[in-house]
Structure formats: C-alpha cells, structure tokens
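Below, each value reflects all heavy atoms present in this structure, side chains not excepted, and no hydrogens, waters or symmetry copies. Treat the numbers as computed from the prediction; the structure is a model and nothing was measured. Below, read A as the first sequence line, B as the second, and so on, with proteins coming before strands; counting in each chain starts at 1.
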Protein chains: 2
Amino acid sequence: MRPTTVDDLRADAARNRARVLEVARELLAAGEATLPMNTIARLAGVGIGTVYRHFPTRQALLESAVMGGFEQLLAEAQSAAADDDPGAGLERLLRYGIRLQLGDVGLAAVLRSPECACARTSRLRADLLKAVGRLLERAREAGAIRPEIGADDVRRLSCGIVQAVRAGSSDEAEIDRYTNVLLCGIRPDR
Amino acid sequence: MRPTTVDDLRADAARNRARVLEVARELLAAGEATLPMNTIARLAGVGIGTVYRHFPTRQALLESAVMGGFEQLLAEAQSAAADDDPGAGLERLLRYGIRLQLGDVGLAAVLRSPECACARTSRLRADLLKAVGRLLERAREAGAIRPEIGADDVRRLSCGIVQAVRAGSSDEAEIDRYTNVLLCGIRPDR
DNA sequence: GCACAAGCGGAGAGTGCATCCGATTTGCGT
DNA sequence: ACGCAAATCGGATGCACTCTCCGCTTGTGC
C-alpha cells in the first residue's frame with residue numbers, strides 16, 4: 001500500500017519533503033512567485049527528481065506551501081459566519097482575507113486559480129466557499145449585501161482587489177481605500 | 001540618419017514588421033497572451049532576429065500590437081471628460097474600458113503593467129491618465145465620486161475587476177454585476 | 001546483519017528566450 | 001541598367017527552466 005499521509009513516509013523522505021516545503025515558503029516570502037523547481041531542489045540540497053516525486057506539479061507544491069495560511073483564512077471565515085452581525089462579519093473577513101493575501105503571494109495565487117490540484121486544498125477551498133456561502137445568506141437576510149453576490153463572486157472580487165493593490169505602493173492607506181471600494185460595492189444601494 | 005517612423009523603413013522591412021504585428025494580433029485574439037517570439041517568427045515567415053530587431057522586447061511588441069485599442073480607449077476617455085454629466089461619463093468610460101479589456105487580453109496586460117516600454121504607448125498612457133484625471137475632477141465637483149479616488153486608482157481597480165471577471169464564465173450578467181460593484185464602490189456614501 | 005522495497009539524484013531531451021554575425025537584399029546615385 | 005554600401009535577414013548559439021526516466025543508495029522490518 002502506498003503512503004497516503006506524511007507519516008507513512010520513510011524518515012529521510014519526510015525530511016526531504018519538509019526541506020523542500022521550507023525552501024518554497026522562503027522563496028514565496030521573498031516575493032518569488034515563480035518557484036523554479038531546479039532552484040528549489042538546489043536550495044533544499046536534494047535532486048530535482050525528489051522535488052517532483054513529492055510534488056508532481058508546481059501547483060501541488062504551491063498549495064502545500066500555503067496550506068497553513070489557507071487554514072487560517074478558513075477559520076476566520078467560519079468565525080465570521082457565526083458572527084452575530086453578518087454584515088460586520090463579512091467586513092472583518094474581507095479585510096482579513098485581503099491583508100492575508102497581500103502578505104502571502106502564494107496564497108493569493110492559489111485563491112486566484114479556479115480550482116485546486118491536491119485533494120487536501122480542494123477540500124479547504126470547498127469548506128471556505130461553504131462558510132462564505134452561509135455568511136452571505138445571513139448577510140442577505142440582514143440586508144447587508146446585494147442579493148446577487150455569491151460566495152465565488154466574493155472570492156474573485158477579493159483577488160481582483162488584491163491585484164489592484166499590488167499594482168501600486170501597497171501602503172496602508174491604499175489597502176483601506178481599495179478595500180472600502182469593494183465593501184461599498186457589494187453593499188446594497190440605499 | 002536612422003528611420004524614426006514606419007515610413008522610413010525599407011520596403012521589405014516594413015512588410016516584415018507588418019506581418020509580425022499581424023501574427024501577434026492573431027495570437028492575442030486567440031487568447032494567447034504569452035506571445036512566444038519564436039512562434040511569432042515562424043508564423044510570420046521571418047527569422048527570430050527580425051522579430052527582435054523590430055521589437056526589442058516582448059513588451060514592445062505587445063504595446064505595438066494593442067496600440068489601436070489603446071487609442072480607442074483614449075478617445076472614449078476624452079469624450080467622457082467632455083461629457084456634460086461627469087458621473088454619466090465616468091460610468092460610460094468604465095463600462096467601455098472593461099469590455100474593451102475583456103475582448104483584448106493584450107490591451108488588458110498593457111494597462112495592468114505599471115508603465116510602458118515604448119515612447120508611443122507611454123504617451124498614450126499619460127494622455128489617458130490626464131483625461132481620466134480631468135473627468136474625475138469634474139466628477140468630484142459634482143459629488144459623483146469619492147474624493148480620495150485618483151486616476152491611477154481607476155486604472156488599477158478596473159484591471160482588478162477585469163481579472164475578476166476573467167476568472168469565471170465572463171458572461172454578460174457577470175460583467176454587469178462586477179462592473180456595478182466597481183461603480184457603486186467608487187461612488188460616495190449617501 | 002540481510003534483503004528488498006522505497007527513495008534518491010542527475011543525465012538528457014524538449015521548449016523558449018535573446019544575442020550575434022555572416023549572408024542577402026534593397027535603394028540610390030550614376 | 002548597374003554596382004555598391006547600407007540596411008535587413010535568419011538561424012546558429014548559449015543559457016535557463018521543465019519534466020521524465022532509470023540505475024544506484026538507503027532505511028526498515030525481519
């Protein structure tokens with residue numbers, strides 16, 4: 001039987017996998033979004049074959065590298081969905097999600113792409129959309145959002161705003177300014 | 001003296017240049033945004049060297065290829081800036097610009113990038129921003145837009161919305177829905 | 001210890017970018 | 001019409017990155 005979790009890996013394999021992930025996160029943190037596979041292999045001190053064995057595609061590596069941030073976002077979304085005031089919860093979630101993406105080019109890339117390669121992240125994504133869906137439903141009832149906006153619209157629009165912020169100086173004032181445009185844009189006309 | 005305009009080119013050179021541009025536009029129209037230089041050379045029936053001589057970088061080729069669309073956008077912006085109702089002019093311009101970008105991946109890429117490589121497009125861009133600036137100033141006076149939104153914010157936000165639309169089915173309803181979010185988002189609170 | 005499966009690593013083929021320079025073509029002056 | 005210099009052509013070349021494949025090494029269970 002093939003190993004299905006990290007724990008089933010041989011000790012050296014687990015070590016190599018961890019090193020590759022570590023290097024990938026370092027590159028992402030340094031703003032390198034391309035993640036050249038050969039560079040990663042070299043920096044991690046492993047062969048290229050090893051990188052490809054653990055992560056068959058760059059997308060798979062990327063998704064594994066940003067798993068942590070993704071989980072934080074999901075937790076925030078679930079908390080927001082349980083907020084007494086859905087309008088406030090939505091605003092809090094959007095402000096959080098946008099800042100999270102701005103601080104993590106990898107996570108932003110994963111959220112931007114229409115689907116996830118690995119099952120683990122696919123599930124996170126589905127859970128996230130479900131939580132946002134619940135939040136939106138309550139926000140609609142409370143009249144805090146335009147009724148035609150769905151969970152995936154929120155995802156795509158946030159990613160768009162993130163890219164708009166990134167295209168400039170990305171200072172605090174701009175983040176707030178652009179986030180406000182999104183927040184006001186999805187609020188119903190009064 | 002070196003040729004400074006297309007007319008100064010030798011007959012064969014002008015022919016090759018036109019062919020390369022034609023092929024580039026075809027690829028862009030087919031949704032190919034990468035524009036591989038060797039592919040372009042092959043399709044245009046010229047050597048790679050010829051492509052690079054006329055267009056030293058991919059960006060330069062891209063900008064030359066989308067010049068026409070850019071000029072249309074500028075014309076629309078200047079017309080909008082002269083509109084009696086600046087609010088209506090702004091809405092018209094944004095709807096036009098977003099649809100234009102959705103129909104032309106090349107133009108969208110050029111508008112998204114922070115600056116232009118060739119002088120010709122740099123000037124178009126400067127003129128465009130100037131026209132939008134005039135439009136915004138009038139819109140501010142008329143209370144049709146949040147005062148903190150500038151011309152470059154409009155550019156970046158539109159590009160963000162375009163990318164958000166592109167991330168999905170891009171059907172008519174979605175284009176309107178997302179464009180409305182932007183329009184409402186930049187309107188002042190009432 | 002030993003056997004053997006799991007894992008390793010890098011050679012190599014493929015693709016694309018960008019440069020350089022010898023071969024070719026063109027336009028001009030006569 | 002013709003010859004020449006300048007302008008232009010085109011692909012060979014070197015470099016970077018991707019991804020596969022397979023012989024060798026190493027960890028693990030007995």
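- Checked for salt-bridge contact, B:Asp152 and B:Arg155 meet the test: a charged N lies under 4.0 Å from a carboxylate O.
- The number of heavy-atom neighbours closer than 6.0 Å to CG of A:Asp171, taken from other residues, nucleotides and ligands shown, is above 12.
- Atom-to-atom, CG of A:Leu35 to P of D:dC19 comes out at 12 Å; the value is rounded to the nearest Å.
- Among the nucleotides D:dC17, C:dG7, C:dG9, the one closest to any side-chain atom of A:Val46 is C:dG9.
- Between the CZ atom of A:Phe55 and the P atom of D:dC19 there is a distance of 15 Å, rounded to whole Å.
- A straight line from CG of A:Leu43 to P of C:dG9 spans 14 Å, rounded to a whole angstrom.
- The 5' end of DNA chain C is approached more closely, in terms of each residue's nearest nucleotide, by A:His54 than by the other of B:Arg58 and A:His54.
- B:Glu76 and B:Gln72 are not linked by any side-chain donor-acceptor pair at a separation below 3.5 angstrom, with hydrogens and angles left out of the test.
- Dashed line: the shortest gap from a side-chain N or O of B:Asn38 to OP1 or OP2 of C:dT15 is not under 4.0 Å.
- Distances from the side chain of B:Asp12 to the nucleotides D:dT18, C:dG16, C:dT26 place C:dT26 closest.
- Between B:Arg99 and B:Asp176 there is a salt bridge, since at least one side-chain N of the basic residue sits less than 4.0 Å from a carboxylate O of the acidic one.
- Each of D:dT18, D:dC9, C:dG7 was ranked by its minimum atom distance to the side chain of A:Pro36; first place goes to D:dT18.
- The A:Ile48 side chain lies nearest to D:dC19 when the options are D:dC9, C:dG7, D:dC19.
- Atom pair A:Arg10:CZ and D:dT25:C1' shows a separation of 8 Å (rounding to whole Å applied).
- Side-chain nitrogen and oxygen atoms of B:Thr50 include none within less than 4.0 Å of the OP1 or OP2 phosphate oxygen of D:dT8.
- In this structure, B:Ala11 reaches the sugar-phosphate backbone alone: every heavy-atom distance under 4.0 Å involves primed, P, OP1 or OP2 atoms, never a base.
- Per the geometry, CD1 belonging to A:Ile40 stands 12 Å off C1' belonging to D:dT18, to the nearest Å.
- Checking C:dG9, C:dC17, D:dT8 against the side-chain heavy atoms of B:Tyr52 singles out C:dC17 as nearest.
- As rounded to whole Å, 18 Å separates atom P of C:dA6 from atom CZ of A:Arg15.
- When all heavy atoms of A:Asp83 and A:Asp85 are compared, the closest pair comes out as OD1-N, 2.9 Å.
- Taking atom CZ on B:Arg17 and atom P on C:dT26, their separation rounds to 19 Å, with Å as the unit.
- Under 4.0 angstrom from either OP1 or OP2 of C:dC8 there lies at least one side-chain N or O belonging to A:Asn16.
- When rounded to the nearest whole Å, the span between CG of A:Leu61 and P of D:dT18 equals 11 Å.
- Both B:Gly45 and A:Thr34 lie near DNA chain D, and the one whose nearest nucleotide falls closer to the 5' end is B:Gly45.
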